[in-house]
Amino acid sequence: MLNNGPYLLGIDYGTESCRVAIFDLAGRPLTFAATPYKTTHPRPGWAEQDPEEWWKALQASCHRAIAAAGISPAAIAGISYDATTLTMVAMDERGNELRPAMMWMDVRATEQAARAENSDSVARLYNGAGVSPATAE
């Protein structure tokens, strides 16, 4: 077993998997683990993922990375994460997902996105880069 750290844990949620890496404070990697999840396409142009699979993938990747590094979970001093952008998870007031997540590559709202692109609403100031993924090429 390595010393008691401290160590940093990085989480990267990508389109295909949840990746976890553990680093020492100098930024040197100790280990890396990835757990895939699936994207379903129930109809042409649709792309969905199950948020519960994301949670299970995170748990599996963290457990494998910590075990491979040979450290105690208590030695993790900090956690950072990133995730795929422009993915929508519909949730209820308690934070429970209502349906599969609609992924960034899902284009079912192309017509609505085109209307939004041509809108002069002040809400357009808050959509990031000003381009909807459903209309981007």
Side-chain angles (χ1 to χ4, degrees):
M1 175 149 316
L2 296 172
N3 68 35
N4 291 330
Y7 298 102
L8 306 172
L9 187 139
I11 301 165
D12 175 35
Y13 271 109
T15 300
E16 297 179 359
S17 66
C18 176
R19 296 169 290 275
V20 169
I22 297 176
F23 301 88
D24 67 16
L25 293 184
R28 291 182 294 260
L30 273 66
T31 189
F32 174 85
T35 304
Y37 33 77
K38 65 183 177 195
T39 301
T40 60
H41 303 277
R43 294 187 184 168
W46 291 25
E48 300 180 342
Q49 289 182 350
D50 181 354
E52 184 64 26
E53 283 191 38
W54 299 339
W55 177 243
K56 290 177 182 175
L58 174 62
Q59 291 174 334
S61 291
C62 285
H63 286 292
R64 281 201 323 280
I66 289 169
I71 63 172
S72 164
I76 303 294
I79 298 174
S80 179
Y81 74 94
D82 66 42
T84 304
T85 61
L86 303 171
T87 293
M88 188 205 58
V89 180
M91 301 172 81
D92 67 16
E93 62 278 353
R94 285 176 247 118
N96 300 310
E97 69 264 7
L98 297 172
R99 59 169 329 282
M102 295 166 61
M103 299 303 295
W104 62 268
M105 65 188 90
D106 189 299
V107 294
R108 73 183 82 183
T110 302
E111 182 181 319
Q112 293 86 346
R115 284 198 316 264
E117 284 294 313
N118 295 317
S119 169
D120 60 359
S121 169
V122 69
R124 291 210 53 226
L125 297 173
Y126 304 102
N127 77 334
V131 176
S132 168
T135 60
E137 294 184 28

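Note that the structure is a prediction, hence the values are computed from the model and not measured. Numbers for residues simply follow the sequence, beginning at 1.
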Engineer: Heavy atoms, side chains only, cut-off 4.5 Å: are Met88 and Asp106 in contact?
Structural biologist: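 They are not in side-chain contact.
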
Engineer: Output the distance between atom CE (Met103) and atom CH2 (Trp46), rounded to the nearest 0.5 Å.
Structural biologist: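 With rounding to 0.5 Å, CE (Met103) is 15.5 Å from CH2 (Trp46).
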
Engineer: Count the heavy atoms belonging to other residues, nucleotides or ligands that lie under 6.0 Å from CD of Gln59, then report whether that count exceeds 12.
Structural biologist: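 Yes.
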
Engineer: Please name the pair of heavy atoms, one in Gly95 and one in Met91, separated by the smallest distance, quoted to 0.1 Å.
Structural biologist: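 Scanning both residues, the minimum pair turns out to be O-CE, 2.8 Å.
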
Engineer: With sequence neighbours left out, what residues match Glu53 under side-chain hydrogen bond (donor to acceptor under 3.5 Å, both in side chains)?
Structural biologist: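 Residues passing side-chain hydrogen bond (donor to acceptor under 3.5 Å, both in side chains) with Glu53: none at all.
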
Engineer: When the side chains of residues 8-21 are checked against the rest of the protein, which donor-acceptor pairs come out under 3.5 Å, sequence neighbours left out?
Structural biologist:
residue, atom, partner, partner atom, Å
Asp12, OD2, Arg19, NE, 3.0
Asp12, OD2, Arg19, NH2, 2.6
Tyr13, OH, Trp54, O, 3.1
Thr15, OG1, Trp104, NE1, 2.9
Ser17, OG, Arg19, NH1, 2.6

Engineer: Quick one: pull up OG1 in Thr35 and NE2 in His63 and give me the separation to the nearest 0.5 Å.
Structural biologist: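 Separation between the atoms: 10.5 Å.
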
Engineer: Main chain of Pro42, side chain of Thr40: is a donor-acceptor contact present, judged purely on distance under 3.5 Å?
Structural biologist: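 No.
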
Engineer: Looking only at heavy atoms, which two atoms of Glu97 and Glu52 are closest? And how far apart?
Structural biologist: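 The answer is OE2-N, 4.1 Å.
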
Engineer: Determine the minimum heavy-atom distance between Met105 and His41, stating which atoms define it.
Structural biologist: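 Closest approach of Met105 to His41: SD-CE1, 4.4 Å.
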
Engineer: Is any side-chain heavy atom of Arg43 less than 4.5 Å from a side-chain heavy atom of Arg108?
Structural biologist: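 Not touching, per the 4.5 Å side-chain cut-off.
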
Engineer: In the single-linkage hydrophobic clustering (I, L, V, M, F, W, Y; side-chain heavy atoms under 4.5 Å), do Ile79 and Ile22 co-cluster?
Structural biologist: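 Yes; Ile22 is reachable from Ile79 via cluster members.
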
Engineer: Would you give the length of the straight line joining atom CD of Gln49 to atom NZ of Lys38, rounded to the nearest 0.5 angstrom?
Structural biologist: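 Going from CD on Gln49 over to NZ on Lys38, the span is 10.5 Å.
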
Engineer: Rounded to the nearest 0.5 Å, what's the gap from SG on Cys62 to CD1 on Ile76? Could you check?
Structural biologist: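 Answer for the SG-CD1 pair, Cys62 versus Ile76, is 8.5 Å.
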
Engineer: If you look only at distance, which donor and acceptor atoms sit under 3.5 Å apart when one is on a side chain in residues 25-33 and the other is two or more places apart or in another chain?
Structural biologist:
residue, atom, partner, partner atom, Å
Arg28, NE, Asp24, OD2, 2.8
Arg28, NH2, Asp24, OD2, 2.9

